[in-house]
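Step one of this worksheet: look at the structure below.
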2 protein chains.
Amino acid sequence: MILAAARSRFAEVGFDKASIRSIAAAAGVDSALVHHYFGTKHDLFVEVVALPGDPAMVVRTLGDAPLDRLGEVLIRTIVGLWDSPIGMGAVAAFRSAVAGGDESLLRTFLTDVVLKDVRVRVDEEIGDGAKRTALVASQMAGLLVVRKLLQIEPVASMSIDELVADVGPNLQRYLTGSGLDTPAPAPRAFDHRDARGGA
Amino acid sequence: MILAAARSRFAEVGFDKASIRSIAAAAGVDSALVHHYFGTKHDLFVEVVALPGDPAMVVRTLGDAPLDRLGEVLIRTIVGLWDSPIGMGAVAAFRSAVAGGDESLLRTFLTDVVLKDVRVRVDEEIGDGAKRTALVASQMAGLLVVRKLLQIEPVASMSIDELVADVGPNLQRYLTGSGLDTPAPAPRAFDHRDARGGA
DNA sequence: GTCTATACGTGGATAGAC
DNA sequence: GTCTATCCACGTATAGAC
C-alpha cells in the first residue's frame with residue numbers, strides 16, 4: 001500500500017526529506033504512480049494525516065474524563081494514539097510542523113481542536129485554562145519528541161502504564177494543581193526536606 | 001554580519017529551508033561570499049551553533065546547584081539561554097535535529113554532555129538517574145517547542161520567574177520526587193481499582 | 001574582496017508509450 | 001494501470017571576471 005509507505009516515510013524523516021521517489025521505492029512502485037493516484041505531494045500528505053474520524057474520538061474521550069483524572073487519561077489516550085499505526089500520521093504532522101513549515105496549522109489544531117474542550121472545562125472549574133493547557137501541551141510535545149523522535153531511553157521503551165505513573169501526576173498538577181499563580185512553591189512542599197543537601 | 005543573519009535564518013526555518021541565498025540576502029551580500037568566508041553550508045552551521053564556551057558554563061552552573069533546587073536552576077539557566085541572542089543557535093540546532101537530520105547528534109549531546117552530570121548525581125543520591133533525566137529532557141524539550149517554536153500563548157510570553165514557579169516543581173518531582181517507580185503518588189485518594197476502563 | 005556565470009545534483013510534476 | 005522519459009525549478013558549490 002502506497003499510503004502506508006508514505007506514512008512511514010513522513011513520520012521517519014518529515015515532509016521535506018520524504019521524497020516522492022523514496023516513498024514510491026518503499027512501496028515498490030514507480031514515482032509517477034504516486035502522482036497518478038494522489039496528485040501533488042501536499043495532497044498525499046493531507047491524505048496521510050487525515051485520520052479516519054479519530055480526532056473526534058480522542059476529543060470525546062478527553063471530554064468524558066473527570067477533571068481530576070484527566071492527567072492519566074491524557075497520557076493513555078494520546079500516547080496510545082502515537083504508538084498505533086494510524087498515529088504515525090500525527091507524528092509525521094508534528095515533525096513536519098516543527099521542521100519549519102506551517103506551524104500555525106499545528107498550533108491552531110492543538111489549541112482550538114484537541115485541547116479546546118479541556119481548556120473550557122478547566123477555565124470554568126479552576127481557572128487559567130489557557131495557561132494550564134499550554135503547559136500540558138508543553139509536556140505532551142516534549143514527550144513526543146523524546147519518545148518518538150529522538151527516542152531517548154528509557155522513555156522510548158517505557159510502557160504506557162509506567163508513563164502514566166511518572167508523568168501523569170505532573171500533567172494533573174498543570175490541570176488542577178494549586179500554586180500556578182502564587183509565587184514560588186516552597187521546596188518544603190516535598191517530603192525531601194534536608195538542610196544538609198545529602199541524600 | 002553574516003553569522004547573525006545565518007543564526008536568525010537557521011533558528012527561524014531550520015537547516016534545510018535556510019538556503020545560503022536567503023542568508024546572503026538577509027545579510028545584504030552575495031551567496032558566493034558566504035561560501036568564500038565559511039566554506040560549505042554545514043561548516044557555516046557548525047560555526048553558528050558553536051557557542052563561545054557556553055556549554056561548559058551551563059554545565060558548570062547546573063553542577064553547582066544543590067539537587068533539591070535543581071528544578072528551578074534548570075529553568076532559569078536553560079530558558080535564559082534560549083532567550084539570549086547566542087541561544088538562537090541552540091534553538092536552530094534543536095529545530096534542525098527534530099526536522100529529520102542528525103537526531104543522534106542531538107541525543108548524544110543532550111544525554112552525554114548537558115545532562116550527564118545531573119544524571120550521575122541523581123543516580124548516586126536518589127537512583128533512576130537515566131529515567132529521571134530523560135523525563136526532565138521531555139519537559140524541557142516540550143517547553144522549547146511550545147515557547148520558542150510554536151509560540152503558544154501565554155507560555156510564549158511568560159517571564160522566566162513565572163515559568164520557574166509553574167514548571168519548576170514538575171521538574172523537581174522528576175529529579176528528586178518519590179513515586180516514580182511505585183504505583184502513583186495520587187494527588188487525591190481515588191479508587192485505584194478503576195471504575196471505568198482506561199481509554 | 002565582491003559579484004557573475006555556471007556546473008551539478010535533487011526532487012516535484014507531466015506527457016506519453018505499452 | 002504501470003512505467004519511461006523528460007521538463008523545470010531550486011539550491012549547493014566552484015571558477016573566474018572586475
Side-chain angles (χ1 to χ4, degrees), chain A residues 1-50 88-106 149, chain B residues 1-50 88-106 149:
Chain A
M1 194 60 176
I2 291 179
L3 271 180
R7 195 155 51 198
S8 295
R9 296 300 299 156
F10 280 139
E12 282 169 17
V13 297
F15 180 82
D16 296 291
K17 298 184 104 81
S19 67
I20 297 274
R21 284 176 165 88
S22 75
I23 291 173
V29 297
D30 191 87
S31 65
L33 198 63
V34 179
H35 278 121
H36 186 256
Y37 280 143
F38 300 98
T40 72
K41 185 181 182 181
H42 185 261
D43 292 339
L44 174 62
F45 185 72
V46 170
E47 202 82 17
V48 163
V49 299
M88 294 177 69
V91 176
F94 180 86
R95 172 169 237 148
S96 299
V98 170
D102 273 342
E103 297 167 351
S104 58
L105 195 79
L106 178 64
L149 301 187
Chain B
M1 194 60 177
I2 292 179
L3 270 180
R7 194 156 50 198
S8 295
R9 296 299 300 153
F10 281 140
E12 282 169 19
V13 297
F15 181 82
D16 297 291
K17 298 182 102 82
S19 67
I20 297 275
R21 283 176 164 87
S22 74
I23 292 172
V29 296
D30 192 88
S31 64
L33 199 64
V34 179
H35 279 120
H36 187 257
Y37 280 141
F38 300 99
T40 72
K41 186 181 182 181
H42 185 261
D43 292 339
L44 174 61
F45 185 73
V46 169
E47 202 81 15
V48 163
V49 299
M88 294 178 68
V91 176
F94 179 86
R95 170 168 238 148
S96 299
V98 170
D102 272 343
E103 296 168 353
S104 58
L105 194 79
L106 179 64
L149 268 31

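The sequence lines fix the lettering, A, B, ..., with proteins before strands; numbering per chain opens at 1.
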Grab the N/O contacts between the protein and nucleotides 13-17 of chain D below 3.5 Å, and write none if there aren't any.
{"unit_1": "D:dA13", "atom_1": "OP2", "unit_2": "B:His35", "atom_2": "NE2", "d": "3.3"}
{"unit_1": "D:dA13", "atom_1": "OP2", "unit_2": "B:Lys41", "atom_2": "N", "d": "2.8"}

**OP:** Please name all residues satisfying ring pair (Phe, Tyr, Trp, His ring centres under 6.0 Å) with B:Phe45, sequence neighbours left out, ordered by chain then number.
**Re:** B:Phe10, B:Phe15

**OP:** May I have the distance from A:Ile2 (atom CD1) to D:dG1 (atom P), rounded to whole angstrom?
**Re:** 13 Å

Original post:
Does a side-chain N or O from B:Tyr37 land closer than 4.0 Å to OP1 or OP2 of C:dG1, or not?
Top reply: no

**OP:** Taking all heavy atoms of B:Ile23 and all of B:Ala5, pick out the closest pair and write down the distance.
**Re:** O-CB, 3.9 Å

Subject >> A:Asp30 CG - C:dA15 P separation (whole Å) >> reply: 16 Å

Original post:
Between A:Leu3 and A:Glu47, what is the shortest heavy-atom contact and its length?
Top reply: CD2-CG, 4.0 Å

**OP:** Mind checking the NE2-CG spacing from B:His35 to B:Asp43? Nearest 0.5 Å is all I need.
**Re:** 9.5 Å

Subject >> Separation of C:dG1 P from B:Leu33 CG (nearest whole Å) >> reply: 11 Å

Original post:
When the distance from CZ of B:Arg9 to P of D:dG11 is rounded to whole Å, what number comes out?
Top reply: 11 Å

**OP:** Calculate the interatomic distance between A:Leu44 atom CG and C:dG11 atom P; express it in whole Å.
**Re:** 16 Å

Subject >> Distance, nearest 0.5 Å, that separates CD of A:Glu12 from NZ of A:Lys17 >> reply: 13.5 Å

Run the side-chain donor-acceptor check on residues 25-34 of chain A: report pairs under 3.5 Å with partners two or more places apart or on a different chain.
{"unit_1": "A:Asp30", "atom_1": "OD2", "unit_2": "A:Ala32", "atom_2": "N", "d": "2.8"}

